[in-house]
Undergrad: 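Below is one structure. I have some questions about it.
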Amino acid sequence: MATATTVSPPGSSTSPMLDPSPDPNPTSPSSTETASEKSSLLYVSFNQDFGCFACGTEQGFQVYNCDPFRETFRRDFNNGGIGVVEMLFRCNILALVGGGSNPQYPPNKVMIWDDHQSRCIGELSFRSEVRAVKLRRDRIVVVLEHKIYVYNFVDLKLLHQIETMANPKGLCAVSHAPNSFVLACPGLHRGQMRVEHYGLKRTKFITAHDSRIACFALTLDGSLLATSSTKGTLIRIFNTLDATRLQEVRRGADRAEIYSLAFSSNHQWLAVSSDKGTIHIFGLNVPRSGEDPRSVDATQSLTGTNGSGGNLVIPSLGANPGSSLSFMRGVLPRYFSSQWSFAQFHLPEGLQFLVAFGHQKNTIVIVGLDGRFTLF
């Protein structure tokens, strides 16, 4: 099924790959091109703490720091394309999968790259194309169209296999808290999510939507799951331990393709990007990290300035607005009792953008597959 060679464990003592020190003269907000036209982007992903991101191109891969924005390094492979590049926080270990018109590596292999040695130090081979890779300090998760494999990072020993329904986008999410390992993936039925709590040896199935799952995200500790379907109108937030639905928010009334979902680190906000060209920010009525659930509210304000080329709309309160007819809940259709986003950031329609919350308070990071980076 898979072949592997040993990889040194990526412990916390690993030398940093990126310089996280702040720029003494930062410029914010900013909007910048991340790659030249000749290095067409094939793939973009944030690292685990959203402090930097990596781009796969037809010529190799590049790594950027988010704030302050700067290219940290790039590796060119003489026109060898990289279709998937996954970082491991800010250390020297990355996972690479070949892609593009002239792949650097076979698309059915995951290559473990050590940037200190500038070479691959391990590989995993499969019978079909690799759709995605997720890294933790202790695990490697490889996503194929119908299966997910979980490996131990130290010796690449296979620990678990999960069957899923057709998953051509390689949808999968993992938690990154050191004391818990939670994995979320599509189940075997339409609209179903599967959540694995490896520390608790517990599996939960969540009937999240009637339509197929299109996008989802976990909080860093894996306690909350946000999901959207191919309709793209509703986003639902679930407790992963007991599979209860905690909140439902509405992006809009018409269909949309959801590109990304992102929680803030304190579970206070949820950001959503779609093909409609609007980033939506929702306030969450869920327990924040270390907070008593009974004290939850979403009335604190989110302040900020709009980035270059966009238009940010923020009312005075962070509470999600609802319809003036919401008092007739149960009588009128559910649409009239929906919670809507309280802040929007407008971008060009039809382009694929990924969104995350920045490390500085009340900042949002947006990266587009057109090579555009925006911080506001």
Undergrad: Do Leu224 and Phe238 sit in one hydrophobic cluster, given that two such residues count as connected whenever their side-chain heavy atoms are within less than 4.5 Å of each other, even indirectly?
TA: no
Undergrad: Do Ile140 and Leu156 have side chains that approach each other closer than 4.5 Å (heavy atoms only, starting at C-beta)?
TA: yes
Undergrad: Check whether Phe153 forms a cation-pi arrangement with Arg137 (NZ or CZ under 6.0 Å from the six-membered ring centre, at most 45° off the ring normal).
TA: no
Undergrad: Any side-chain heavy atom of Arg75 sitting closer than 4.5 Å to one from Asp115?
TA: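 In short, these two side chains touch, coming nearer than 4.5 Å.
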Undergrad: Phe61 vs Trp113 aromatic rings, parallel, tilted or perpendicular, using cut-offs 30° and 60°?
TA: perpendicular
Undergrad: Do Val141 and Phe126 belong together in a cluster built from hydrophobic side chains that touch within less than 4.5 Å?
TA: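 Not linked; separate clusters.
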Undergrad: Between Asn152 and Arg139, does any side-chain donor sit less than 3.5 Å from a side-chain acceptor?
TA: yes
Undergrad: Any salt bridge between Asp138 and Arg136, counting N to O under 4.0 Å?
TA: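 Yes.
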Undergrad: Is it true that Asp275 and Gln352 share a donor-acceptor pair across their side chains at a distance under 3.5 Å?
TA: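 There is no such pair (donor and acceptor under 3.5 Å, judged by atom type) between the side chains of Gln352 and Asp275.
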Undergrad: Output yes when Arg119 and Asp114 qualify as a salt bridge under the 4.0 Å nitrogen-oxygen rule, no when they do not.
TA: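 No, this pair does not count.
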Undergrad: Under the criterion side chain to side chain contact (heavy atoms under 4.5 Å, CB included), I'd like the reasoning laid out for Asn108 against Glu129: C-alpha separation, chi angles, the key distance, then a yes or no.
TA: CA-CA 4 Å; Asn108 67 322; Glu129 183 176 338; 5.6 Å; no
Undergrad: Is the distance from the ring center of Phe357 to that of Phe50 below 6.0 Å?
TA: no
Undergrad: Please examine the side chains of Tyr105 and Leu96, heavy atoms only from C-beta on, and report whether any two atoms are closer than 4.5 Å.
TA: yes
Undergrad: Please check if the side chain of His197 supplies one atom and the backbone of Thr240 the other of a donor-acceptor pair under 3.5 Å.
TA: yes
Undergrad: Quick check: closest heavy atoms across Ala262 and Ala356, and the distance to 0.1 Å?
TA: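 Heavy-atom minimum between the residues: CB-CA, 4.0 Å.
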Undergrad: Any side-chain heavy atom of Phe205 within less than 4.5 Å of one from His189?
TA: no
Undergrad: Mind checking whether Val110 and Ile162 sit in one hydrophobic cluster, side chains of I, L, V, M, F, W, Y counted as touching below 4.5 Å?
TA: no
Undergrad: Where is the tightest heavy-atom contact between Phe53 and Val44, given as atom of each residue plus distance?
TA: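 Shortest heavy-atom contact: CD1-CG1, 4.2 Å.
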Undergrad: Just how far is it from atom SG of Cys66 to atom CD1 of Ile364, taken to the nearest 0.5 Å?
TA: 13.0 Å
Undergrad: Side-chain contact test, heavy atoms from C-beta onward, threshold under 4.5 Å: evaluate it for Val142 versus Ile148 and give yes or no.
TA: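 They are not in side-chain contact.
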Undergrad: For a quick test of reading the model, state the closest non-hydrogen atom pair linking Val84 to Ile82 and the distance between them.
TA: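 For Val84 versus Ile82, the nearest heavy atoms are O-CG2, 3.3 Å.
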Undergrad: Drop me the distance from Phe69's CZ to Thr72's OG1, to the nearest 0.5 angstrom.
TA: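 Here the rounded value is 9.0 Å.
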Undergrad: For residues Ala208 and Arg236, report the shortest heavy-atom separation together with the two atoms involved.
TA: O-NH1, 2.7 Å
Undergrad: What's the spacing between Ile237 CD1 and Leu284 CG if we round to 0.5 Å?
TA: 5.5 Å
Undergrad: Enter the distance from Ser273:OG to Leu261:CG here, rounded to the nearest 0.5 Å.
TA: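 So the gap between those two atoms works out to 7.5 Å.
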Undergrad: Should Ile281 and Phe216 be counted in the same cluster of Ile, Leu, Val, Met, Phe, Trp and Tyr side chains packed under 4.5 Å apart?
TA: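 In one cluster: no.
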Undergrad: Is it the case that Tyr198 and His160 place a side-chain donor and acceptor less than 3.5 Å from each other?
TA: yes
Undergrad: In the single-linkage hydrophobic clustering (I, L, V, M, F, W, Y; side-chain heavy atoms under 4.5 Å), do Leu124 and Met111 co-cluster?
TA: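 Same hydrophobic cluster.
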Undergrad: Answer whether the closest heavy-atom distance between the side chains of Leu225 and Ile206 falls below 4.5 Å.
TA: yes
Undergrad: With a 4.5 Å cut-off on side-chain heavy atoms, are Thr57 and Leu42 touching?
TA: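 With C-beta onward as the side chain, the pair stays apart.
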Undergrad: Passes side chain to side chain contact (heavy atoms under 4.5 Å, CB included), Phe282 versus Trp269? Steps please.
TA: CA-CA 6 Å; Phe282 297 92; Trp269 317 108; over 6 Å; no
Undergrad: For a quick test of reading the model, state the closest non-hydrogen atom pair linking Leu144 to Ser128 and the distance between them.
TA: CD1-OG, 3.6 Å
Undergrad: Considering residues at least two apart in sequence or located in another chain, which fulfil the salt bridge (Lys or Arg N to Asp or Glu O under 4.0 Å) criterion with Glu145?
TA: Arg131
Undergrad: Are Asp254 and Lys276 ion-paired here, with the side-chain N under 4.0 Å from a carboxylate O?
TA: yes
Undergrad: Give the C-alpha distance, both sets of side-chain angles, the deciding distance and a yes or no for side chain to side chain contact (heavy atoms under 4.5 Å, CB included) between Ile112 and Ile93.
TA: CA-CA 7 Å; Ile112 309 302; Ile93 302 296; 3.9 Å; yes
Undergrad: Shortest non-hydrogen contact from Thr363 to His359?
TA: OG1-N, 4.1 Å
Undergrad: Just one of Arg250, Arg245, Arg251 clears the salt bridge (Lys or Arg N to Asp or Glu O under 4.0 Å) bar with Glu248, so which one?
TA: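 Exactly one option meets the salt bridge (Lys or Arg N to Asp or Glu O under 4.0 Å) with Glu248, and it is Arg245.
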Undergrad: Does any N or O in the side chain of Glu58 come within less than 3.5 Å of the main-chain N or O of Ser40, such that one atom is a donor and the other an acceptor?
TA: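 Such a contact is absent between Glu58 side chain and Ser40 backbone.
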Undergrad: Quick check for you: to the nearest 0.5 Å, what is the distance between Gln104 atom CD and Asp76 atom CG?
TA: 10.5 Å
Undergrad: Taking it one step at a time, do Thr203 and Glu196 satisfy side chain to side chain donor-acceptor pair (under 3.5 Å)?
TA: CA-CA 5 Å; Thr203 302; Glu196 293 286 341; 2.8 Å; yes
Undergrad: Determine all donor-acceptor pairs shorter than 3.5 Å in which one atom belongs to a side chain in residues 171-188; sequence neighbours excluded.
TA:
unit_1	atom_1	unit_2	atom_2	d
Ser175	OG	Ser180	O	3.3
Ser175	OG	Val182	N	2.8
His176	NE2	Val174	O	3.4
Ser180	OG	Asp221	O	3.4

Undergrad: How about Tyr259 and Val272: do any of their side-chain heavy atoms sit closer than 4.5 Å?
TA: no
Undergrad: Determine whether a donor-acceptor pair (N or O, by modelled atom type, separation under 3.5 Å) exists between the side chain of Gln48 and the backbone of Leu135.
TA: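 A pair under 3.5 Å: yes.
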Undergrad: Would the number of heavy atoms belonging to other residues, nucleotides or ligands and lying under 6.0 Å from CG of Asp242 be above 12?
TA: yes
Undergrad: Would you check, one step at a time, whether the test side chain to side chain contact (heavy atoms under 4.5 Å, CB included) holds for Gln360 with Asp67?
TA: CA-CA 8 Å; Gln360 295 189 40; Asp67 189 10; 2.6 Å; yes
Undergrad: Taking Met87's backbone N and O only, do any of them form a donor-acceptor pair with Asn47's side chain (distance below 3.5 Å, no angle check)?
TA: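 No, Asn47 side chain to Met87 backbone: no donor-acceptor pair under 3.5 Å.
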Undergrad: Just distance, no hydrogens or angles: give the donor-acceptor pairs under 3.5 Å from side chains in residues 226-234, sequence neighbours left out.
TA:
unit_1	atom_1	unit_2	atom_2	d
Thr227	OG1	His209	NE2	2.8
Ser229	OG	Lys231	N	3.2

Undergrad: To the nearest 0.5 angstrom, please state how far the CG atom of Leu347 sits from the OG atom of Ser274.
TA: 9.5 Å
Undergrad: Please check this pair: side chain of Ser125 against backbone of Lys109, looking for a donor-acceptor N/O pair closer than 3.5 Å.
TA: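 No, because the side chain of Ser125 does not come within donor-acceptor range (under 3.5 Å) of the backbone of Lys109.
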Undergrad: Checking side-chain polar atoms at under 3.5 Å, does Asn65 have a donor or acceptor matched by the opposite partner on Arg90?
TA: yes
Undergrad: Can you tell me if Arg190 has over 12 outside heavy atoms packed within less than 6.0 Å of its CZ?
TA: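 It does not: Arg190 CZ has 12 such atoms or fewer within range.
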